[in-house]
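From a predicted model like this one, the values you see are computed outputs, not experimental measurements. The first residue of the sequence shown is numbered 1, and numbering continues consecutively from there. No hydrogens, no waters, no symmetry mates; every other heavy atom, side chains included, goes into these values.
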Amino acid sequence: MNRYGVSRPDLTQLLAGWGEPRYRADQVWEGLYGQRLPLEAITNLPKELRARLDDALPLALTEQAHQTGDAGMTSKWLWTGGDGAQVETVLMRYPDRATVCVSSQAGCAMACTFCATGQAGFERHLDVGEIVEQVVRAQWERPDQRVGNVVFMGMGEPLANEEPVFAAVERIHDDLGISARQITVSTVGVAPAMRRMASFRLPVTLAVSLHAPDDDVRSELVPLNRRYPLADVLDAARGYLAVKGRRVTFEYVMLAGVNDTTAHADALGRLLTGPAYGRPAHVNLIPYNPTAGLDASASGQHALAGFAAVLERPGVTVTIRKNRGIEIDAACGQLRARARQ
Ligand code: SAH
């Protein structure tokens, strides 16, 4: 069992087995989660106990590389799990908030053509402790700025690893104290899992990677669309909004000439305001970060602005994502590619 994977009852039992007083489990939990401290910094625990816990509940991830960019505002880590599986995490700091982008799997099986992780393939699922540890260790880098947002937008498809992801979300919410709306689960559109997510206890923010207004283009970019086509994905998104009352965000990677024309924008606007969805919709346009495995280029500023304007006409709200971490290969969809070369 690893440090951020052990449950509170199991930790309590472990400490009781060592003959520790009852209050110890509370102290450990408060130090690890309430204060987000490294174990060695929880100084109200006896030194020998800290050493014993360090042995019994080791960290799951070993740091392989750590880089910063954007004048120190973006940090990226490459970790390895005990078996050598590669995991990446990105911390993005802003004047008023800090967001951690976590991986839910080592690699990804979804094979989206424009995504570096998808191009490299699937390695394995991450467990609860490996996911939660990414958030805590990003926090350790800047203890002075509270990490208040977590996005499942690193490597992997979170809804292909449901149980650990939702257990991690509970830990991040209940124990690290991050509010549900500040936790975003981004999915490529695993419709049945999106429907199950609607009955999950916490109203986390759902983001859906759409990338195209029709099934032909979407199936080219997102192979999973052949299994769960647009109508099914939008129906599941609509269901989530109906149950949780939380506006869904649609992500849209902008690829020059592929999905970024005025006609695509017009079709997307009609799709999201028409019978297939017909709810207040928000689209986040993501400039494509070029990857080795796809011969395509990013849409220019002009195309982005034009696309946004057409989409806004029927009442869709639009944001254009500002890329962070480009120079350290920490931007969306770039993770892992460089480390593998
Ligand atoms: N599997 C989840 C999380 C993936 S990463 C999902 O598909 O939503 C989060 C976002 O980054 C997704 O919207 C994904 O489509 C986007 N992305 C992937 N590769 C990208 C690239 N090369 N450039 C820009 N965005 C990319």
**Q.** Heavy-atom donor-acceptor pair, Asn161 side chain to Leu126 backbone, under 3.5 Å
**A.** yes
Q: Flag the pair Arg218 and Asp214 as a salt bridge only when some basic side-chain nitrogen lies within less than 4.0 angstrom of an acidic carboxylate oxygen.
A: no
Q. What distance do Met153 atom CE and Ser104 atom OG have between them, rounded to the nearest 0.5 Å?
A. 11.5 Å
Q) Taking atom CZ of Arg181 as the centre, does the number of heavy atoms from other residues, nucleotides or ligands within less than 6.0 Å exceed 12? A) no
Q) Would you find more than 12 non-hydrogen atoms of other residues, nucleotides or ligands less than 6.0 Å from Asp295 atom CG? A) no
(Q) Can you give me the closest heavy-atom contact between Tyr4 and Leu37, atom names plus distance? (A) OH-O, 4.1 Å
Q.
I need the single residue from Val217, Asp232, Val188, Leu230 that forms a side chain to side chain contact (heavy atoms under 4.5 Å, CB included) with Asn225. Which is it?
A. Leu230
Q) Quick check: does any side chain N or O of Gln105 sit under 3.5 Å from a backbone N or O of Glu157, one acting as donor and the other as acceptor? A) yes
Q: Applying side-chain hydrogen bond (donor to acceptor under 3.5 Å, both in side chains) between His66 and each of Arg137, Lys76, Glu141, report the one that passes.
A: Glu141
Q. What pair of heavy atoms forms the shortest contact from Val128 to Ala167, and how long is it?
A. CG2-CB, 3.8 Å
Q.
Does Arg52 qualify as a cation-pi partner of Trp18, given the criterion of NZ or CZ under 6.0 Å from the six-membered ring centre and within 45 degrees of its axis?
A. yes
Q) Which atom names give the shortest non-hydrogen contact between Leu304 and Pro287, and what distance separates them? A) CD1-CG, 4.2 Å
Q.
side chain to side chain contact (heavy atoms under 4.5 Å, CB included) for Ile183 and Leu202? Distances and angles first, verdict last.
A. CA-CA 10 Å; Ile183 302 172; Leu202 299 170; 5.7 Å; no
Q. CD of Glu133 to CG of Asp127: how many Å apart, nearest 0.5 Å?
A. 9.5 Å
Q.
Grouping I, L, V, M, F, W and Y whenever their side-chain heavy atoms are under 4.5 Å apart, do Met73 and Val135 come out in a common cluster?
A. no
Q: Check for a donor-acceptor pair, side chain of Gln139 on one end and backbone N or O of Gln145 on the other, with a separation under 3.5 Å.
A: yes
Q. Taking atom CD of Glu220 and atom CG of Asp216, what is their separation to the nearest 0.5 Å?
A. 8.0 Å
**Q.** Sub-4.5 Å side-chain heavy-atom contact between Phe166 and Leu159
**A.** yes
Q. Tell me, do Phe152 and Ile131 make a side-chain contact under 4.5 Å, heavy atoms counted?
A. yes
Q: Calculate, to the nearest 0.5 Å, the distance between atoms CZ and CZ belonging to Arg142 and Arg93 respectively.
A: 3.5 Å
(Q) Could you tell me if the side chain of Gln134 sits less than 4.5 Å from the side chain of Ser103, heavy atoms only? (A) yes
Q) How far apart are the closest heavy atoms of Cys115 and Thr291, and which atoms are they? A) C-CG2, 4.4 Å
Q. Quick one: do Leu206 and Val243 end up in the same hydrophobic cluster if we chain Ile, Leu, Val, Met, Phe, Trp and Tyr together by side-chain heavy atoms under 4.5 Å apart?
A. no
Q: Search all heavy atoms of Val283 against all heavy atoms of Val316 and return the closest pair with its distance.
A: CG2-CG1, 3.7 Å
Q.
Please tell me whether Thr80 and Gln64 have a donor and an acceptor in their side chains that are separated by less than 3.5 angstrom.
A. yes
Q.
Assigning hydrophobic clusters by single linkage (Ile, Leu, Val, Met, Phe, Trp, Tyr; side-chain heavy-atom cutoff under 4.5 Å), is Leu39 placed with Trp29?
A. yes
(Q) Does Glu40 form a salt bridge (charged side-chain N to carboxylate O under 4.0 Å, His left out) with Lys47? I'd like the steps, not just the answer. (A) CA-CA 8 Å; Glu40 66 272 15; Lys47 214 168 171 196; over 6 Å; no
Q: Consider only side-chain N and O atoms of Arg171 and Tyr33, and report whether a donor and an acceptor are under 3.5 Å apart.
A: yes
Q) Within a strict 4.5 Å, meaning less than it, do heavy atoms of the Glu130 and Leu61 side chains meet? A) yes
(Q) Do Thr317 and Glu312 make a side-chain contact, defined as non-hydrogen atoms from C-beta onward lying under 4.5 Å apart? (A) no
Q.
Side chains of Thr205 and Arg246 only: does a donor on one sit below 3.5 Å from an acceptor on the other?
A. yes
Q | ILVMFWY network linking Leu241 to Leu210, side-chain heavy atoms under 4.5 angstrom | A | yes
Q. Given side chains that start at C-beta, do those of Met194 and Val185 come closer than 4.5 Å, heavy atoms only?
A. no
Q. Salt bridge check: are Asp215 and Arg226 linked by an N-O gap of less than 4.0 Å?
A. no
Q. What are the two closest heavy atoms between Ala25 and Leu11, and how far apart are they?
A. O-CD2, 4.0 Å
Q) Is Leu294 close to Leu255 at the side-chain level, that is, under 4.5 Å between some pair of heavy atoms? A) yes
(Q) Between Asp83 and Arg124, is the salt bridge (charged side-chain N to carboxylate O under 4.0 Å, His left out) condition met? List the steps. (A) CA-CA 10 Å; Asp83 59 352; Arg124 70 163 168 83; 2.6 Å; yes
Q | Chi angles and distances behind the ring-ring contact (aromatic ring centres under 6.0 Å, His included) call for His211, Phe114 | A | CA-CA 10 Å; His211 308 320; Phe114 53 86; 4.8 Å; yes
Q | Check ion pair Asp235-Arg238 (N to O, under 4.0 angstrom) | A | yes
Q: Please answer whether the main-chain N or O of Thr261 pairs with a side-chain N or O of His264 as donor and acceptor at a distance below 3.5 Å.
A: yes
Q | Audit row: Arg3, Asp54, salt bridge (charged side-chain N to carboxylate O under 4.0 Å, His left out) steps and yes/no | A | CA-CA 8 Å; Arg3 193 163 307 163; Asp54 193 26; 2.4 Å; yes
**Q.** CA sep, side-chain torsions, deciding dist, call: Leu53, Arg50, side chain to side chain contact (heavy atoms under 4.5 Å, CB included)
**A.** CA-CA 5 Å; Leu53 279 167; Arg50 277 179 266 159; 5.8 Å; no
Q) Is it true that the side chains of Thr319 and His282 contain a donor and an acceptor less than 3.5 Å apart? A) yes
Q) Out of curiosity, Arg324 CZ to Thr74 OG1, how far, rounded to the nearest 0.5 Å? A) 3.5 Å
Q.
Could you work out, with ring-ring contact (aromatic ring centres under 6.0 Å, His included) as the rule, every residue matching Tyr252, not counting sequence neighbours?
A. Phe307
(Q) What I'd like to find out is whether the side chain of Asn149 reaches to under 4.5 Å of the side chain of Thr184, using heavy atoms alone. (A) no
Q. For the hydrophobic clusters of this structure (ILVMFWY residues joined by side-chain heavy atoms under 4.5 Å, transitively), does one cluster hold both Val253 and Val310?
A. no
Q.
Between Trp79 and Thr62, do the side chains contain a donor N or O and an acceptor N or O under 3.5 Å apart?
A. no
Q) Quick check: are there more than 12 heavy atoms from other residues, nucleotides or ligands sitting under 6.0 Å from CD of Glu163? A) no
Q: Salt-bridge test for Asp175 and Arg36: reply yes if a basic N is under 4.0 Å from a carboxylate O, no otherwise.
A: no
Q) Would you call the rings of Phe250 and Tyr277 parallel, tilted or perpendicular, where under 30° means parallel and over 60° means perpendicular? A) perpendicular
Q.
Measuring from atom OG1 of Thr99 to atom CD of Gln182, what distance do you get when rounded to the nearest 0.5 angstrom?
A. 8.5 Å
Q.
Do the side chains of Glu251 and Arg321 get close enough for a salt bridge, i.e. N-O under 4.0 angstrom?
A. yes
Q) Between Asp26 and Arg8, is there a side-chain N and carboxylate O pair less than 4.0 Å apart? A) yes
